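Just so it is clear: chains get the letters A, B, ... in the order the sequence lines come, proteins before strands, and each one is counted from 1. All heavy atoms count here, side chains included; hydrogens, waters and symmetry mates do not. Since this is a predicted model, take the numbers as computed values, not measurements.
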Amino acid sequence: MADIQSYLSVLNAEQKEAVEHEGSPLLILAGAGSGKTRVITTKIAYLISEKGIPAWNILAVTFTKKAAKEMSERAIKLDERAKDAQIRTFHSFGSWFLRRYSQEAGLDQNFTVYDEDDMLTLLLKAVPSLTRQAAGKAVHKISLAKDFCLTPDSKELYTIEADPDFPEIYEAYEKRLHSTGNVDFGDLIMLPVKILQQNEKIRAQMQYRFRVIMVDEYQDSNVAQFKLLQELSGLNEGSGTYVCVVGDDDQSIYRFRGAEVQNILNFQQYFPGTKLIRLERNYRSTAQILHAADCVVSKNESRLGKTLIAERGEGSKPVLAFCPTQEDETQFCADLIQEAHRQGCPYSDWAILYRMNAQSLGFESEFLRRKIPYTVVGSLKFYQREEIKDILAFLALIANPRDEIAFRRIINKPAHGIGEKTQDAVVDFAKQSLAGSLVEAAKSCSKTSSKKAGAALLEFADLMDSFTERIGIDMIEEAEETADSAAAVQNDQNAPSDESTSRLSDFIDEVAEKSGLFEYHKSQDEISGTQKVANIQELENNALFYPCNRKGLLDFLDSIELDRSLEETSGDATDSVTLITLHNTKGLEFPRVIITGLETGIFPRQDKTGSDLEEERRLFYVGITRAKNQLYITSCSVRRLYGKTEFMMPSQFLIDAGKDSFTVIGKIPPAFARAIQNNAGRTSIDNEIDEDLSDDFSDGYSAENTALSKKWKKGVRVFHDDYGYGQIIEGAFRGEEYVITVIFENGGKKSFIPKYQSNNLTVIKD
DNA sequence: CCCGTCGTTATTTTT
DNA sequence: TAACGACGGG
């Protein structure tokens with residue numbers, strides 16, 4: 001292990017200052033690519049080796065498991081003792097806390113975590129009168145309420161959902177959830193906060209335990225997480241805990257999920273005496289790219305403000321490509337990538353970024369055709385696949401026989417003739433009973449149910465009993481700090497041995513086999529050519545290093561539940577283009593980046609205004625700052641959206657960036673050309689659309705278009721399948737397309753291209 | 001209980 | 001457009 005001083009010596013002045021700072025709360029404003037992970041990890045090592053702080057007194061929280069893992073590994077590289085530090089995600093910390101204080105939380109010690117799907121199922125059972133849609137909406141609101149630490153009886157609940165029925169719905173959901181002994185994601189943060197607030201002794205324990213607390217990606221923390229930090233650090237009690245948060249207000253992009261930018265904007269007010277350090281030297285992107293990024297984000301009003309300084313030279317100007325159609329967009333991207341590949345640039349240098357997952361489709365089919373290898377990141381997640389959820393439900397029910405959702409999921413899969421009515425009876429029975437075990441309830445109900453269902457219930461209960469016996473009934477011992485932090489890491493070498501010679505993976509295999517789920521999904525594979533069995537085996541692989549006992553099972557379920565992004569294609573390090581949503585790119589970087597679909601209505605989305613619009617703009621900023629060497633941006637004039645062909649306007653974000661930021665290729669849409677000239681003070685190019693632009697750009701249109709312009713001329717009455725009756729108020733050529741604008745009787749105004757039949761628009765003949 | 005057909009509905013989503 | 005859920009007939 002090299003001397004800590006040598007690690008300090010590679011830092012720049014600000015980074016060094018941040019590492020060595022002590023004595024007051026610290027807010028590090030770390031711009032994109034400014035080496036913030038290096039600062040945090042060095043700081044951890046520094047505190048241990050130079051300041052003599054025991055590693056177990058250090059708590060570092062991140063948002064993703066990936067980030068936690070990276071942070072832990074890098075810190076350990078700097079100082080081995082860092083392995084004893086608690087480096088976790090917020091949620092895994094909550095899970096650790098709740099298991100430790102499950103009694104105080106009123107939870108089953110073997111609780112598992114319900115995801116959004118499970119929440120929906122649960123809510124539909126708790127409030128059967130809700131439609132699926134209404135329940136989905138309510139689930140979202142409940143999650144949001146928990147993000148803000150609001151309970152059903154909170155006065156401010158209306159700020160989340162104004163519907164007067166909502167508190168009642170939320171209440172019913174909570175009651176039902178509580179009877180399962182499980183938690184949802186929101187609880188992992190909210191319950192620890194409640195316990196800490198109410199229980200002085202536990203609060204004191206925690207404050208004694210953690211002398212140093214660091215939070216990464218602080219800009220994306222929500223209110224509940226802020227309160228957790230507040231309680232853990234003893235903010236109001238002068239506990240002397242050292243708090244250091246790192247974040248970038250310009251990269252806050254999860255407000256829709258409860259992230260509260262105010263947390264970072266007002267950090268200095270909440271934590272008096274805070275020292276602020278800005279990391280503004282960017283070691284990732286070239287100056288031209290950073291310039292564009294800065295032009296964009298500086299249009300936002302609510303920000304602390306910082307300017308990135310390029311440390312890597314000028315580089316080449318970002319390219320802005322206007323494409324007539326989305327097919328041209330895919331061609332453009334594919335051409336770029338193939339041409340670069342011919343010149344020796346690996347596919348993996350490229351990432352294609354988009355706003356919506358649906359946008360990946362076009363690229364996928366074109367890349368398939370051209371044999372360009374690609375990897376789609378994050379669209380369908382491993383954990384939420386049917387077969388995986390099935391197996392996990394079985395395991396969850398073994399861990400906690402009160403798990404209603406898990407029970408319902410697998411009790412009749414494959415079909416044994418146990419219908420919904422029988423299920424309801426079992427659940428009701430379990431609720432009446434003291435222990436609430438659904439397995440025991442199944443036994444009891446088998447007597448009163450129909451012959452077929454009764455036999456199936458008994459068989460099921462026997463199966464469950466044999467599994468439970470196999471996994472052992474020993475409660476998880478208070479295996480303190482030693483084991484559990486390490487056990488969460490999969491490759492823990494100590495785990496498998498012990499008394500349990502068998503591995504959890506074998507047990508899961510047995511569960512899959514005996515439950516009939518293996519057989520069931522195998523036949524599904526044969527029918528529809530899916531990969532379900534392979535996925536189950538992949539799941540088993542992940543359980544290889546967990547011991548086959550209760551603790552191993554719980555640790556495994558925890559790691560799965562809390563890591564929904566289970567690395568997809570694990571082994572293959574193939575050279576491929578990355579297709580990814582803008583949100584998913586946070587923390588990543590690529591030598592060459594293409595941001596696609598810069599069109600009003602897509603990016604930014606139509607309904608975004610005010611602070612929502614600012615968040616979209618930050619998302620664009622995040623996208624731009626992923627690029628190291630080359631950045632391309634595309635914008636289409638025509639796009640097929642939800643089965644309709646729509647005329648698109650370029651995104652106003654392009655105006656924010658300013659034309660001088662780009663090398664422009666393709667035909668500049670005239671409205672955009674004007675807007676960009678009048679850049680100053682203009683916030684929306686919508687103003688420009690109203691002007692008649694046809695005169696300047698009427699050359700070169702075809703006879704076909706001439707005919708169209710006669711049929712679809714100003715004043716003609718039309719009917720649209722969705723919008724109803726309307727009148728054409730304008731017919732004009734925009735570039736090569738003849739475009740009409742229609743005002744509908746319901747007051748809406750829309751533009752169409754009559755050339756495309758799929759507009760669902762017809763001329764009304766008088 | 002399984003399968004086909006019709007109708008509806010489309011963000012982003014660390015955990 | 002496409003994908004998924006709800007519903008009804010075998």
Side-chain angles (χ1 to χ4, degrees), chain A residues 61-69 88-95 113-117 119-120 131-133 136 139-140 143-144 146-147 183-190 216-222 224-225 251-259 326 353-362 365 377-381 383-384 386 412-420 452 523 527-528 558-566 580-588 597 601-608 612 615-616 618-620 622-623 639-646 722 756 758 760:
Chain A
V61 283
T62 64
F63 282 82
T64 67
K65 191 155 177 179
K66 199 168 142 198
K69 201 175 156 202
R88 289 173 169 271
T89 65
F90 260 112
H91 294 264
S92 104
F93 174 80
S95 174
V113 184
Y114 283 153
D115 69 10
E116 211 143 302
D117 279 348
M119 289 174 74
L120 182 65
T131 62
R132 224 187 165 68
Q133 198 177 26
V139 161
H140 178 240
S143 301
L144 215 51
K146 292 191 174 187
D147 286 344
V183 296
D184 57 30
F185 273 107
D187 286 339
L188 289 176
I189 311 296
M190 186 172 82
D216 190 17
E217 304 281 12
Y218 188 69
Q219 77 281 355
D220 285 324
S221 61
N222 59 38
Q225 286 158 340
Q251 292 186 65
S252 169
I253 53 174
Y254 281 104
R255 201 171 86 117
F256 67 95
R257 270 201 103 147
Q326 87 195 72
L353 277 45
Y354 37 79
R355 181 65 232 268
M356 298 178 289
N357 278 130
Q359 285 170 262
S360 76
L361 239 72
S365 52
V377 175
S379 56
L380 26 72
K381 265 152 230 129
Y383 73 89
Q384 62 180 23
E386 185 195 3
N412 200 30
K413 200 172 195 175
H416 311 294
I418 303 174
E420 202 172 352
K452 193 174 155 207
S523 63
I527 296 166
S528 32
D558 247 19
S559 85
I560 295 292
E561 280 303 334
L562 300 180
D563 182 18
R564 332 318 288 308
S565 61
L566 207 99
I580 190 169
T581 62
L582 283 143
H583 279 91
N584 267 322
T585 60
K586 205 170 77 172
L588 302 180
I602 289 190
F603 191 26
R605 279 185 61 82
Q606 206 92 63
D607 44 0
K608 304 285 180 181
D612 281 345
E615 175 145 318
E616 292 272 303
R618 290 193 290 270
L619 190 56
F620 188 35
V622 168
R639 185 177 290 276
R640 280 200 318 278
L641 216 53
Y642 308 139
K644 291 198 189 72
T645 306
E646 302 265 17
D722 297 334
Y756 299 101
S758 53
N760 301 333

Counting N and O atoms only, with roles assigned by atom type, does the side chain of [X] sit under 3.5 Å from a partner on the main chain of [Y], one being a donor and the other an acceptor?
| X | Y | value |
| --- | --- | --- |
| A/Arg355 | A/Ile602 | no |
| A/Asn412 | A/Ile418 | yes |
| A/Glu615 | A/Arg255 | yes |

Can you tell me how far [atom2] of [N] sits from [atom1] of [X], to the nearest Å?
| X | N | atom1 | atom2 | answer |
| --- | --- | --- | --- | --- |
| A/Phe185 | B/dT13 | CZ | C1' | 11 Å |
| A/Leu641 | C/dT1 | CG | P | 13 Å |
| A/Leu120 | C/dC4 | CG | P | 16 Å |
| A/Phe63 | B/dT12 | CZ | P | 21 Å |
| A/Leu582 | B/dT12 | CG | P | 11 Å |
| A/Phe90 | B/dT13 | CZ | P | 21 Å |
| A/Leu188 | B/dT14 | CG | C1' | 14 Å |
| A/Glu116 | B/dT12 | CD | P | 13 Å |

Could you measure between the two P atoms, the one in B/dT12 and the one in C/dG5, and give it in whole Å?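 About 16 Å, rounded to a whole number of Å.
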
Applying a 4.0 Å non-hydrogen cut-off, can you work out what A/Tyr254 is touching in the nucleic acid: base, sugar-phosphate, or nothing?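 Since a base atom lies under 4.0 Å of A/Tyr254, the category is base.
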
Return no unless some side-chain N or O of A/Asn584 is found under 4.0 Å from OP1 or OP2 of B/dT12.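 A/Asn584 to B/dT12 OP1/OP2: no side-chain N or O under 4.0 Å.
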
With a 4.0 Å cutoff (strictly under), does any side-chain N or O of A/Asn357 reach OP1 or OP2 of B/dT13?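 For B/dT13, OP1 or OP2 has a side-chain N or O of A/Asn357 closer than 4.0 Å.
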
Nearest-nucleotide pick for A/Thr64, side chain only, options being B/dT13, B/dT14, B/dT11: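 Side chain of A/Thr64 sits closest to B/dT14.
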
Output the single nucleotide from B/dT13, B/dT14, B/dT11 whose closest atom is nearest the side chain of A/His583.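 So the side chain of A/His583 is nearest to B/dT13.
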
What about A/Arg640, does its side chain sit under 3.5 Å from the base of C/dT1 through a donor-acceptor pair?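 Side chain to base: no pair present.
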
Any heavy-atom pair between the side chains of A/Lys65 and A/Ser92 that's under 4.5 Å?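 Side-chain contact under 4.5 Å: no.
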
Minimum heavy-atom distance A/Phe93-A/Val61, with the two atoms named: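 It is CB-CG1, 4.5 Å.
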
Of A/Thr581 and A/Asn412, whose closest DNA chain B nucleotide lies nearer the 5' terminus?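 First, find each residue's nearest nucleotide; the 5'-ward one identifies A/Asn412.
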
